[in-house]
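As structure tokens, the structure follows; a few thoughts come after it.
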Amino acid sequence: MLFSILIANYNNGHFFKDCYQSILAQTYTNWEVVIVDDCSTDDSVAVMQQSIGNDTRFRIFFNEENKGCGYTKNRCAMLAIGEVSGFLDPDDALMDDALFQMVILHEKFEEVAIITSKYQLVDLKMNFIENGSHGSAIPENQSYLTYGNGAMTHFATFKQDKYKQAEGIDPFMTRAVDQDLYYKMEEQGRHLFLDKVLYRYRIHQNSISANKNVFKAQYWHFYAMMKAYKRRKRSHLQIENFSKKDIEEYASNYYLSRFENAKHTNKYSAKYYFLWKAISINPFHRVELKMKSLLLLMIGRI
């Protein structure tokens with residue numbers, strides 16, 4: 001079974017060597033690496049090419065213009081030729097047995113669409129900080145969409161044929177792209193959780209967990225959730241979905257939290273308050289869904 005390691009890169013050249021070394025250290029050796037560079041402005045391309053040399057297991061592609069994370073990750077997945085794929089961010093690394101552990105399970109459980117595991121946090125020099133707090137099984141008769149709680153996280157691997165049956169990662173999204181992937185993959189087949197640490201997540205100034213990027217990520221996560229809710233309802237998918245009441249409550253709480261945060265900075269607080277108030281009164285009739293989406297988009301991309 002060929003495993004495709006997918007790397008979407010933008011300005012992470014200074015971290016790539018650790019990522020590269022973790023790939024070479026894999027105990028499972030039947031792999032390829034698909035790298036798509038999103039018009040990096042640093043020395044990423046030079047660093048990657050110098051590290052890789054003539055190793056034909058690595059294939060590098062380039063976006064003609066900066067397209068963002070969603071587009072770039074989807075392109076990675078569509079270029080993969082392995083039966084199983086998994087994303088590895090260029091500033092992170094894998095544990096030595098990550099591919100081996102995943103391939104065993106994918107071969108054993110043909111009906112499984114996505115397998116997730118656990119991760120550890122490391123510093124700039126890849127020194128261990130602590131084990132990540134997320135990653136778990138999903139209770140029976142629930143889905144990742146309805147259960148949440150960070151159940152699906154790195155290292156996540158999925159069957160390539162299942163990915164192509166889905167819509168693929170939304171190329172419009174710029175953050176929380178993995179959440180979109182998780183929702184779509186669980187719609188294609190069963191999720192399996194492996195209770196092992198297989199991924200090393202590096203904390204630095206550009207990490208979503210480390211700074212204001214968390215608010216942008218929260219917006220795009222909410223966007224992915226709403227899309228999944230509507231997709232499941234429209235297609236009558238046989239997988240746990242939110243009820244109308246659930247999604248109304250979630251939307252109201254989301255806008256309220258954004259308003260509470262925004263009012264401290266006096267930035268867009270009136271817009272968030274309007275959305276929260278409108279949704280609290282009547283989320284699906286008082287405010288047209290398309291208008292809400294446009295307002296969300298305007299706010300989320302600022």
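Ion pairing between a basic and an acidic side chain is recognised when a charged N comes within 4.0 Å of a carboxylate O; Asp97 and Lys196 show no such pairing. A salt bridge links Lys73 with Asp89; the closest basic N to acidic carboxylate O contact falls under 4.0 Å. Salt bridge Glu32/Arg57: absent, no basic N to carboxylate O contact under 4.0 Å. Here Glu186 pairs with Arg232 in a salt bridge; the nearest charged N to carboxylate O distance falls below 4.0 Å. Salt-bridge formation is not detected for the pair Glu110/Lys159: no Lys NZ or Arg NE/NH1/NH2 atom is positioned less than 4.0 Å from an Asp or Glu carboxylate oxygen.
A distance of 4.0 Å separates NZ of Lys227 from OH of Tyr223, quoted to the nearest 0.5 Å. Summarising the geometry, atom CZ belonging to Phe87 is positioned 10.5 Å from atom OH belonging to Tyr199; distances are rounded to the nearest 0.5 Å. Separation of atoms CG (Asp180) and CE (Met173) is listed at 5.0 Å; rounding is to 0.5 Å. To the nearest 0.5 Å, atom CG of residue Leu192 and atom CD of residue Glu111 are 8.5 Å apart.
Shown here are the side-chain contact (heavy atoms from CB on, under 4.5 Å) partners of Pro139, two or more places apart in sequence or in another chain: Gln142, Tyr147. Scanning for ring-ring contact (aromatic ring centres under 6.0 Å, His included) contacts around Phe242 gives an empty result, with sequence neighbours left out. For Asp195, the side-chain contact (heavy atoms from CB on, under 4.5 Å) partners two or more places apart in sequence, or in a different chain, are Lys118, Phe193.
Of the candidates Ile115, Leu99, Asp92, Phe155 forms a side-chain contact (heavy atoms from CB on, under 4.5 Å) with just one, namely Leu99.
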- Task: Any chance you could lay out the side-chain hydrogen bond (donor to acceptor under 3.5 Å, both in side chains) test for Asn63 and Tyr71, step after step, and finish with the verdict?
- Result: CA-CA 9 Å; Asn63 291 339; Tyr71 177 93; 4.8 Å; no

- ring-ring contact (aromatic ring centres under 6.0 Å, His included) between Phe100 and Trp31: does it pass, once the steps are laid out? CA-CA 10 Å; Phe100 175 75; Trp31 50 259; over 10 Å; no

- Item | Stepwise side-chain hydrogen bond (donor to acceptor under 3.5 Å, both in side chains) check, Tyr20 with Asp55 | CA-CA 12 Å; Tyr20 172 74; Asp55 193 335; 4.9 Å; no

- Can you check side-chain hydrogen bond (donor to acceptor under 3.5 Å, both in side chains) on Thr146 and Glu240, steps first, answer last? CA-CA 7 Å; Thr146 59; Glu240 183 72 10; 4.7 Å; no

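In this model, a donor atom of one side chain and an acceptor atom of the other lie less than 3.5 Å apart for Asn9 and Ser44. Judged purely by distance below 3.5 Å, without hydrogens or angles, the side chains of Asn241 and Ser143 never pair a donor atom with an acceptor atom.
No donor-acceptor pair under 3.5 Å is formed between the side chain of Gln188 and the backbone N or O of Ala113. Judged by distance alone, with hydrogens and angles left aside, the side-chain atoms of Ser40 form a donor-acceptor pair with the main-chain N or O of Asn11 at under 3.5 Å. Although no hydrogens or angles enter the test, the distance criterion places a donor-acceptor pair under 3.5 Å between the side chain of Arg202 and the main chain of Asp91.
A cation-pi arrangement is present between Arg190 and Phe109 under the rule of less than 6.0 angstrom and at most 45 degrees off the ring axis.
In this pair, Tyr182 and Tyr144 present their aromatic rings perpendicular. The plane angle is above 60°, beyond the 30 to 60° band. The aromatic rings of Trp220 and Phe172 sit perpendicular, their planes meeting at an angle over 60°, well past the 30° parallel limit. Ring geometry for Tyr119 versus His154: interplanar angle over 60°, hence perpendicular rather than tilted (30 to 60°).
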